[in-house]
2 protein chains.
Amino acid sequence: MHFRKTTEYAIRVMVFLAENAGKRFSVNALNKTLDIPYKYLGRLMNQLAQKGLVEVTQGKYGGYLVNADRLSEIYLYQIVDAVEGLQDYDRCILGFPQCSDENPCALHHLWMEQREAIKNMLYSNSLADLLKNNFSRR
Amino acid sequence: MHFRKTTEYAIRVMVFLAENAGKRFSVNALNKTLDIPYKYLGRLMNQLAQKGLVEVTQGKYGGYLVNADRLSEIYLYQIVDAVEGLQDYDRCILGFPQCSDENPCALHHLWMEQREAIKNMLYSNSLADLLKNNFSRR
DNA sequence: TTTAATTACCACCTTTCGGTGGAATATACA
DNA sequence: TGTATATTCCACCGAAAGGTGGTAATTAAA
Ligand code: SF4
Ligand code: SF4
């Protein structure tokens, strides 16, 4: 029960860029401060740029940044979605075809409760919320 | 964010055996009703048996079972522990070395809340609880 | 216009997880 | 004692995730 390593990397980077909103960082710089493998990070940043979560400038003195005025528009679920997709959050633990809220297996309620809590956390917190330590929970 | 497939398999089997407590099932029988690859399931059952979560009898008419009077002793965390270990549940999402409850990153509180909720769910529900739909949550 | 710093792209390697095949061993019972 | 039905064990296969290397394209500025 965990996020993929790549997802952790992505969150790490995004939180860092949010804390330094407006400043531009090269992969090299990010690699040094964030302890994520250089080449892998490069690929990841490219992905995040293509999904529109960070702005990129190429060439010398180029790099990645997230603008301060976008912090409240970028939610955690978008970061997760960009790297590992959101499918798993609607998939069931036992995967029986016949099941539903009306015809649940022994774990249904227990499991749904946790899943919904996590989904809710991802959907209700933007980067701005994180920085404010303004954690909305419900 | 998901359990390993193997963990799902394990929970599936254990819940099934709990629902049919006392009855013995061969891998073949389990494979047919639970839709888990035959050989892989065989290996998994062996693991569960070695961890003491199921009783096994070898040879003809042999198979696996869980006794009715053990249902209240077998907790979800034991099943998870038996197949994927519990390490991930104490590992942090960002993995910075300097962090703690006193010196948290922007995600700390948010993340800990979910992690603890899941751990609590695993630690406070036995197979007997599942069957009773008697979900203790705190 | 050349150079240095940087992203973009593509192919490949490694590790881990899920899955398979086959033979050895155990056991009930005819 | 022989046979059928099981588990057990070991080695291997395949797919997916994580990670690396090399080179082309892009850009600022000397
Ligand atoms: S009842 Fe719920 S938890 Fe159980 S298998 Fe169906 S969707 Fe999954
Ligand atoms: S502060 Fe908490 S969430 Fe953040 S890196 Fe440390 S342990 Fe993880």
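Residue numbering restarts at 1 for every chain, and letters A, B, ... go by the order of the sequence lines. Quick note: numbers below take in every heavy atom, side chains included, and nothing from hydrogens, waters or symmetry partners.
Within the structure, a side-chain polar atom (N or O) of Asn46(A) is placed less than 4.0 Å from OP1 or OP2 of dA8(C). Within the structure, every side-chain polar atom (N or O) of Tyr9(A) is placed at least 4.0 Å from both OP1 and OP2 of dG18(D). Remark: Lys5(B) is in phosphate contact with dG19(C), judged by side-chain N or O atoms under 4.0 Å from OP1 or OP2. Taking side-chain N and O atoms only, Arg4(B) has a distance below 4.0 Å to OP1 or OP2 of dC17(C). The side chain of Tyr40(B) contributes an N or O atom lying less than 4.0 Å from OP1 or OP2 of dG18(C). Residue Asn28(A) has no polar side-chain atom (N or O) positioned under 4.0 Å from OP1 or OP2 of dT6(C). Residue Tyr64(A) has a polar side-chain atom (N or O) positioned under 4.0 Å from OP1 or OP2 of dA8(C). Contact check, Thr6(B) against dC17(C): no side-chain N or O comes under 4.0 Å of OP1 or OP2. Checking the phosphate oxygens (OP1, OP2) of dC9(D), no side-chain nitrogen or oxygen of Gln47(B) falls inside 4.0 Å.
When ring centroids are compared, Tyr89(A) and Tyr77(A) stay outside the 6.0 Å threshold.
Taking the side chain of Val56(B) as heavy atoms from C-beta on, and the options dC9(D), dC17(C), dT7(D), the nearest nucleotide is dT7(D). Comparing dA28(C), dT7(D), dC9(D) by their nearest atom to the side chain of Lys39(B) picks out dC9(D). The listed nucleotides are dA28(D), dT7(D), dG19(C); the one nearest the side chain of Lys60(A) is dA28(D). Across dA26(C), dT7(C), dA6(D), the shortest atom-to-atom separation from the side chain of Ser26(B) is found for dA6(D).
Between His108(A) atom NE2 and Arg115(A) atom CZ the span is 8.0 Å, to the nearest 0.5 Å. The CD1 atom of Ile118(B) sits 5.5 Å away from atom CD of Gln114(A), with the distance rounded to the nearest 0.5 Å.
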